[in-house]
Q: 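Shown below is the structure under consideration.
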Amino acid sequence: MLNTIFASRPEESSVRENRCDGPMSDCPAIYIRDLKLAYGGHVIFEGLDLDIEAGRFTTLLGTSGVGKSSLLKIVAGLQAPTGGTIAASDGKPISHRIAYMGQQDLLFPWLSVVENVMLGSRLRGDRRDPDRAMHMLEQVGLADRRDALPSQLSGGMRQRTAIARTLYESRPIVLMDEPFSALDTFTRSKVQELAAETLAERTVLLITHDPLEACRLGHRLFVLSGSPAKLSPPISVPGCPPRSPEDLGLLETQAELMGTLLDAHTAAD
Amino acid sequence: MLNTIFASRPEESSVRENRCDGPMSDCPAIYIRDLKLAYGGHVIFEGLDLDIEAGRFTTLLGTSGVGKSSLLKIVAGLQAPTGGTIAASDGKPISHRIAYMGQQDLLFPWLSVVENVMLGSRLRGDRRDPDRAMHMLEQVGLADRRDALPSQLSGGMRQRTAIARTLYESRPIVLMDEPFSALDTFTRSKVQELAAETLAERTVLLITHDPLEACRLGHRLFVLSGSPAKLSPPISVPGCPPRSPEDLGLLETQAELMGTLLDAHTAAD
Amino acid sequence: MRNATRPFVTAAVMIALWWAIAHLSGLPDYMLPKPEEVAAILQKKYAFLFEHTLVTVSEILLGLLCGTALGSLCAILMMLSPVVQRWLSPILVFSQAMPVFAIAPLLVLWFGFGMSSKIVMAVLIIFFPVAAAFYDGLRRTEPGWLELAQTMNTSKLGILLRVRLPAALPAFGSGLRVAAAVAPIGAIVGEWVGSSAGLGYVMMNANAQVRTDEMFAALLILSAVALTLWALVNLMLRRLLFWAPDSH
Amino acid sequence: MRNATRPFVTAAVMIALWWAIAHLSGLPDYMLPKPEEVAAILQKKYAFLFEHTLVTVSEILLGLLCGTALGSLCAILMMLSPVVQRWLSPILVFSQAMPVFAIAPLLVLWFGFGMSSKIVMAVLIIFFPVAAAFYDGLRRTEPGWLELAQTMNTSKLGILLRVRLPAALPAFGSGLRVAAAVAPIGAIVGEWVGSSAGLGYVMMNANAQVRTDEMFAALLILSAVALTLWALVNLMLRRLLFWAPDSH
Amino acid sequence: AMAADKVTVLLDWFVNPNQAPLFVAKYIGAYEKYGLDVELIPPADPNLPPRLLAAGKADLAISYQIQLSILRDQGLPLKRVATLIDTPLNSLTTISSTGIESLADFKGKKIGVSISGVENALVSAMIGTAGLSLDDVELINVNFQNVPALMAKRVDGAIGSYRNFEVTELKSRGLTPVVFYPEENGVPIYDELIVLANDDNIDNPKIVRFVKAMQEATIYLLNHPDEMWEAFIAEFPELDNDLNKTAWQLTQPRYAKNPFLLDTQRYDEMQKFLVEKGVIDKPQKVEEIAVELPH
Ligand SMILES: Nc1ncnc2c1ncn2[C@@H]1O[C@H](COP(=O)(O)OP(=O)(O)OP(=O)(O)O)[C@@H](O)[C@H]1O
Ligand SMILES: Nc1ncnc2c1ncn2[C@@H]1O[C@H](COP(=O)(O)OP(=O)(O)OP(=O)(O)O)[C@@H](O)[C@H]1O
Ligand SMILES: [Mg+2]
Ligand SMILES: [Mg+2]
């Protein structure tokens, strides 16, 4: 019943299970090995191994406070792990080719919406691309607020600006931390599709709390749970993102995911 | 399929449709009449009439940027409307008996978690109630982080602290703006139940983007949509919150709600 | 301070107050001259005072310009390198604790009797509030913005100029406000080191001969200059900081 | 500045630099005495200098205390009432534009040659940076916190004391740092225009008698006092502001 | 004509009638006549000029005889080359309302000083004639604020009060000054204002020309005091007041008629006095601290 409503984008599921287009030529996979993070004596996770496949969406779920954002920050090079290694499959450093969107929107209050979208160009001193920025803003439905200041936006509008900023970056590796949490169902679904299209063939690590979102967008899903946290075995979703919420494969995966989450949850209690 | 997983709290739906306990003796209804809000020349909403029933959960949904938060702030007395009136059914002022939780957690960075929960007492110079605060923290699963600073918390933990702070206030009128947006499915469901129990019999206005959440918690649901925004006719949910996600009435209402949302959405496009 | 004219209203009130004190307290003229006496001097020596005012105003403006530039530079250098910060900040404190007259001979020796030694002095007084406030502002940048900038491959300089710097503008504003208020002192102290022009010179001269009324006339002009300067800086900052929360 | 001892290391380096300049530049002793001569004086006149240091230190501390208190009070009053702010802030600027050096002779006449005139002087110099920075900090409180506090029925005073005040502590810290750095100059100027004790008095005398080595000895002690004061203030602020982001 | 030689002269203090001959020489063209282009620079801190002169930042500086001994004692390479005012102007002054009538009455009182060392020695010698020592009085640094400090009763007496200025000023304020003169109370007679030059520069012929111009100016001033007063206040309108006018007249007899002349014995005695008072370590020979230029 619920799912029939998302009838906007019916799509044949691809024949090759779980593989749609190949990765972009310069999109590396990321290998996480034996990662450990502890604050003081408190171990958040330990012995974590994870392969983030090249050119695919990897989705990470888990209870609040389990260490998802920390993991993302470590991959982004923003935080040093207590132990372990992170490497790209091509051996080159990771940190200079990522687009990162944190749990907060982090808009710059002194820049207008469109300038916030082009923040990367501004910060690097590159040539700005207003056309591209406006295209992104149109896609997230904020074209008419291009000159507004962040303080004049609603919560969801701020988040959409941050998404536009992340997509504008056009990087081979994209790391996103609950990017759609402040959006209503329909706006969310539209922006999810935008992200899936724009980021197809990129190496994406996406944190989300919404199982449906995870199943619509992810090629592989992981659940982080426990204390110290461990990763679940990967759950593969058939078909190419963005999947229609009607998609049968999606519904099955969602059920499997809910099971995994429930296990994680009851184990934690 | 999805719903079978939420099997935690099966409950008989109350016989009297849509009415569970009566309101607390001093919980007023709130009458909004002919409300108008404009920024510069841009009208956000106009001619808005809304009855927020005494002792019940009223849930407000709507597209991002439609004006939900603004409406909540106006009810809270934090923002002056361009026109129209807001009154409590008992004729007394509203603003000194509300608990308000904004879209941001607004924790005070120099206070520990438990002190943030007791913020109201601190600010008013009242006697603090650490037992009550700890009880709230236990309920949201943060008892062991009582002495942490906000900067040491994850996004969801911050939000749960803010929820605990709001519930600690124990006010007849409670206004909450997407209070559970940063929580994972299970934590969310638990905290929803906590809120439903703690705030039973209070006058609650809740903004959410999650239709399931709206249906689990709300007595009456409204959708704000359009530009200038208008309110949909109220959707009543049978049974007492928190409803089990299995509840048949809930499922029906959810379908009705999705329809309304879809109408609003397509009308806006 | 909605209204740029308000300071002048205050000045008028203060003059009235002064009038009352001077007339009612019975303080002798050499301790507190009466406003009307000072007004008479202002009128009589109009041209003379105006000439010296011009000198001082140009010293103030130059001092403020150089001091702000130097202060900002110090703050930025300290921000760019923790090593610089560790070595520079005690020197800055030291430079403040140093009483001017102790180093005056050296300054005159190095910079001569002309305008430059006055400006050096003004700069010495001005640059510290600017440097301190600006550095504190630069340091207290929201860590999330820095992280975001880092993921965007921003160079160290880029982070400084395009993230920390705009974020620190409110703090810089606080420093600049203080600097604008103390800039006149800088110029005056500079004139004190040795000069034959400027309001500071007029004041010292008048003081040496116990012509308190003339001293107050110069003082009054100086205050008017300071208030104007401050109002201008305030106006400029209000424009610049349109985005910063200001809840009054 | 991880380490509170670092300023003293810097001081040592600066002394080395001084030694080099004094020995290599060929500047005569009466312009720049050599460190070893100054050290000899420090040793010889130990008791004498110590006694005068005590006087100056107590003036500085009292001045800093009163100045900070007065500055904070001004900031809080201005925050409490826009009317007060409108009238007070030009007076504050005015009080700064009034060069302390120029009115110092009058201040001495008003407050006498004793301790009080020095403290008044120090207060005049100190309170403005504190007031300006603190007021700016109080004004720039995150609007969301204010709104939240308002919904919690916080009184105006409660908002000021329990929201704005802690939120403005970093800005207050900036002001206090400047104040700590300029406090010694206040006391010294006070001693200079009229006194019979204190390091400023020692310096004046030594200066008049061209005993540059003794003057530099006093200067050195003064700098040490200033650096110590600043390090203490810094340490205290670091404790107090444990929660504020500080990205260096 | 030849380009004039530039001469920089640091004054002892703000411009005042004590320095009149230096300005008069300008008004009557005496500097030009001797081929000089003279710049007169007033300092705000009277301690600064000798040091700058020693550092070669100027050609000449106006200073005080007693100060010279101290400067020389500290090793500054300076010598007296001319005299501007050849009698003491300094005095220990009080006002009648303090009830002090003799030096003995200063016992237990506050005395304001501005140049410690020198003035301490003067006070010590003067009250010494009444059997007092410095332990019997309290010395307070008044930083040249003698008149206000006396009027505001912050001190009971003040050394450093010039008889042509501060005493006049006190009178003009309706007070009765009580003046004790150093040279009448145990202090050897000395030159108040002298012209200093750097040792390295002492043979520079332009100094002789400068002193010649000074001498001509002094004589002209003696003959035309009113005309020169008008010229003076035309240049310094801010100094046009009764106090300066009276001081101008009172100072007339005090300028050294022949600025070249050096009274060797006077310098000798002052050296002895200062050694005795512990102001300087050992007496220097007069030729080390002063020269009489060929004229
Ligand atoms: N200061 C302002 N100036 C101009 N427009 C503003 C200002 N504040 C809010 N708005 C506009 O008001 C509209 C309503 O904002 P509001 O925050 O109420 O939306 P919302 O329904 O809560 O959205 P969301 O779900 O994204 O939080 C938005 O379009 C926003 O851009
Ligand atoms: N500076 C710190 N000091 C101590 N503990 C910290 C610090 N920062 C984070 N933590 C802890 O690390 C854990 C993981 O935090 P993280 O932000 O990664 O969680 P998360 O999985 O993203 O949660 P959420 O879904 O709520 O955002 C939390 O328990 C948090 O309290
Ligand atoms: Mg997180
Ligand atoms: Mg909102």
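Here is the naming used below: chain letters follow the sequence lines, and residue numbers restart at 1 for every chain.
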Q: Give the member of A:Asp184, A:Leu153, A:Leu142 that has the highest number of heavy-atom pairs under 4.5 Å with chain B.
A: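 Most heavy-atom pairs under 4.5 Å with chain B: A:Asp184.
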
Q: Do A:Gln159 and A:Ser181 have side-chain atoms, one donor and one acceptor, less than 3.5 Å apart?
A: yes

Q: Can you find a side-chain donor-acceptor pair between A:Glu115 and A:Ser112 that sits under 3.5 Å?
A: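 Yes, side-chain donor-acceptor contact under 3.5 Å.
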
Q: Taking side chain as everything from C-beta outward and backbone as N, CA, C, O, which of these in B:Ser69 sits under 4.5 Å from a heavy atom of chain A? Side chain, backbone, both or neither.
A: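 When you check distances to chain A, no heavy atom of B:Ser69 falls under 4.5 Å.
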
Q: Could you list the residues that satisfy salt bridge (charged side-chain N to carboxylate O under 4.0 Å, His left out) with B:Arg158, not counting sequence neighbours?
A: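 Counting only residues at least two positions away or on another chain, B:Arg158 forms a salt bridge (charged side-chain N to carboxylate O under 4.0 Å, His left out) with B:Asp105.
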
Q: So, for B:Cys215 and B:Gln254, which heavy atoms are closest and what is the spacing to 0.1 Å?
A: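 Minimum heavy-atom contact is SG-CA, 3.6 Å.
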
Q: Under a 3.5 Å threshold, yes or no: a donor from one side chain and an acceptor from the other, between B:Arg160 and B:Thr187?
A: no

Q: Taking the basic N atoms (NZ, or NE/NH1/NH2) and the acidic carboxylate oxygens, is any pair closer than 4.0 Å for A:Lys68 and A:Glu178?
A: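 Between A:Glu178 and A:Lys68 there is no salt bridge, as every charged N stays at least 4.0 Å from the carboxylate O atoms.
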
Q: Which residues in residues 143-151 of chain A have any heavy atom lying under 4.5 Å from a heavy atom of chain B?
A: none

Q: Does the side chain of B:Thr260 come under 3.5 Å of the side chain of B:Asp263 through a donor N or O and an acceptor N or O?
A: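 No, no side-chain donor-acceptor pair sits under 3.5 Å.
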
Q: When rounded to the nearest 0.5 angstrom, what is the spacing between CD1 in B:Ile207 and CG in B:Leu224?
A: 9.0 Å

Q: For each of A:Leu61, A:Leu183, A:Asp210, A:Thr208, tally heavy-atom pairs with chain B at distances under 4.5 Å, and name the one with the top tally.
A: A:Leu183

Q: Quick one: which of B:Ala182, B:Ser64, B:Gly156 has the most heavy-atom pairs under 4.5 Å with chain A, could you say?
A: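 Most heavy-atom pairs under 4.5 Å with chain A: B:Ser64.
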
